[in-house]
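For reference, the structure is listed below as structure tokens.
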Protein chains: 2
Amino acid sequence: MQSRSQVPPIMSNCDLCVIRNHAICAALDAKELEALNAIGRTRSIVPGESLIWEGEDSVLVANVIEGVLKLSTNTEDGREQIVGVVYPSDFIGRPFGGTTGHGVTALTEAKVCVFSRRDFDAFAREHPALEHKLLERTLGELDRTRRWMLLLGRKSASERLASFLLEMAERLEGQGCAVDFDKPNQRRLTLPFSRQQIADVLGLTIETVSRQFTRLKQDGVIDLPSRRDVTILDFAALTAEAG
Amino acid sequence: MQSRSQVPPIMSNCDLCVIRNHAICAALDAKELEALNAIGRTRSIVPGESLIWEGEDSVLVANVIEGVLKLSTNTEDGREQIVGVVYPSDFIGRPFGGTTGHGVTALTEAKVCVFSRRDFDAFAREHPALEHKLLERTLGELDRTRRWMLLLGRKSASERLASFLLEMAERLEGQGCAVDFDKPNQRRLTLPFSRQQIADVLGLTIETVSRQFTRLKQDGVIDLPSRRDVTILDFAALTAEAG
DNA sequence: CGGCAATTTGACTATCCTCAACAGGGGTGG
DNA sequence: CCACCCCTGTTGAGGATAGTCAAATTGCCG
């Protein structure tokens, strides 16, 4: 099912990097990129492994090369809320001081390009084009986050799950997402989330999420080939459900 | 020493601006500031008046000089969620393209320094120090927004109101907020929100907000001298309630 | 003093949560 | 290779929290 892309033996060269032209690095020319590369290193993460912990001083930042990671916060008594999800070419971490307000944990196998925050800060301040890219990315992330607040504050469980599936379909475009050419209006997604994690994204319980899944399936809006897979059968209906 | 005769008497001069050293303008020297001033103008807004509408192309950006404004989105069927609140020296609007995902509406009498987005974009790209300030501000806003997601996704009504009041106490520090020297552990706030607006911030209904207010009052945690005023009597209890 | 809008209060309901039992399926060891 | 087990997810019953609808009250402003 999965196409196994050939990974170069060592990823020290940004020219070979698949996100070279999509991440903030796109702001840099070859020479600058070399300098950035000198202060960074790639790192692999397994599902469930954390890169950054909530509340710690911001010590590192990173670019996502491969995989999906969650940003999450917890209340003192253990309730969790996922406050963001990052995909390849997204930026992770809190540059320019302060503490990280949320943990960063891999949902899938992931590969990231990490930098010491201090090094990155210094580099960024010398390269306005990089800071500009970072600003654009941050503004976009803020937009997305605010849209999510409407979901958390005002939408019902069914609207939340429908919205979630639509966003997944959009975000996974060209990745785990497959279009079946026989049925062009359908789309099959492999979710990088467990049911519990979906609940933590949507501000619901796992049981409520599960019930909404089965309801959507019974209504013929989606199909559930396996635990992690969803086939969207009726996009229009799903969009209507999203509120 | 210097002849002041050439300085225009009108308020076109940023030197007189109260937020001069707090807003992103702080990144600029006198000459740059003059250039920025040339493309901006101040504008007064009355409560309820909108500066930006949800979904429109981003045509203007602004700095808040005075007052409080809300950022809000609505579902198609009219439910509202306030996704942000801005105070003096905060930045408003969506630079660098795209559409505004949320409306911007004054909660109090307000004064803002507005710029055409195109002019501002061009100016910003020529002044990396300004973009850096804007980046820091945007990162901070993203942190704050994500913290709010935990509240919307995982907290109960009483926890939400308690968290809200604590954030208000912090944000209104030195403004409408007064410390009574007889009772140093108390603090009186004049909220810039109606009950409905508080409900729209917290993702609750006006009735639920009202009930939580009266409960906190009955428990002796707060007092409600008038509709818009809150006196926090027991900070520790309120913090405990905030979860 | 009256009118009006905002807020509070009350009664009832719905949605979602909690607790609990059950099912399924993927991996492991016999 | 198959049986078993454990983890994840599903289903069910009952309860609690917050929402809805309606009425009463407050306080602000002319």
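Every chain is numbered from 1 and lettered A, B, ... according to where its sequence line falls, protein lines coming before strand lines.
Across the interface with DNA chain D, nearest-nucleotide mapping of A/R154 and A/R195 shows A/R195 to be the residue nearer the 5′ end. Along DNA chain D, the nucleotide nearest A/G153 and the nucleotide nearest A/L224 are compared for position; the residue whose nucleotide lies closer to the 5' end is A/L224.
Atom-to-atom, CZ of B/R79 to P of D/dG19 comes out at 12 Å; the value is rounded to the nearest Å. In this structure, the CZ atom of B/R215 is 18 Å from the C1' atom of C/dG10, given to the nearest Å. Distance A/L204 CG to C/dT18 P: 11 Å, rounded to the nearest Å. Atom pair B/I206:CD1 and C/dG10:C1' shows a separation of 16 Å (rounding to whole Å applied). Rounded to an integer number of Å, the gap from B/R228 CZ to C/dA5 P is 16 Å. When the P atom of D/dT17 is taken as reference, atom NZ of B/K155 falls 18 Å away, rounded to whole Å. As rounded to whole Å, 14 Å separates atom P of C/dA6 from atom CD1 of B/I198. Rounded to a whole Å, the NZ atom of A/K217 is 11 Å from the P atom of C/dG24.
Residue A/T205 places at least one side-chain N or O under 4.0 Å from the OP1 or OP2 atom of C/dC17. For D/dG19, the OP1/OP2 oxygens have a side-chain nitrogen or oxygen of B/T208 closer than 4.0 Å. Distances shown here put every side-chain N or O of B/S210 at or beyond 4.0 Å from the OP1 or OP2 atom of C/dT9.
Under the 3.5 Å distance criterion, the side-chain polar atoms of B/E54 are matched with a main-chain donor or acceptor of B/N74. A distance-only check finds no donor-acceptor pair linking the side chain of B/R195 to the backbone of B/T205 [under 3.5 Å]. For B/Q81 (side chain) and B/V201 (main-chain N/O), a donor-acceptor pair under 3.5 Å exists by modelled atom type. At least one donor-acceptor pair under 3.5 Å links the side chain of B/S58 to the backbone N or O of B/R94.
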Collect all protein-nucleotide pairs involving nucleotides 26-29 of chain D in which both atoms are nitrogen or oxygen and the distance is under 3.5 Å.
residue	atom	partner	partner atom	Å
D/dT26	O2	B/R227	NH2	2.5

Candidate pair B/D229 and B/T190, rule side chain to side chain donor-acceptor pair (under 3.5 Å), full reasoning
CA-CA 4 Å; B/D229 291 309; B/T190 298; 2.6 Å; yes
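Counting atom types as modelled, A/E207 pairs a side-chain N or O with a base atom of C/dC19 as donor and acceptor under 3.5 Å. Under 3.5 Å, the side chain of A/R211 and the base of D/dG9 form no donor-acceptor pair of N or O atoms.
Exactly one of A/V68, A/I19, A/V64 qualifies for a side chain to side chain contact (heavy atoms under 4.5 Å, CB included) with A/Y87. That residue is A/V68.
Pairs of residues two or more places apart, or lying in two chains, that qualify as salt bridge (charged side-chain N to carboxylate O under 4.0 Å, His left out) and include a residue from residues 147-160 of chain A are A/R154-B/D200, A/E159-B/R79.
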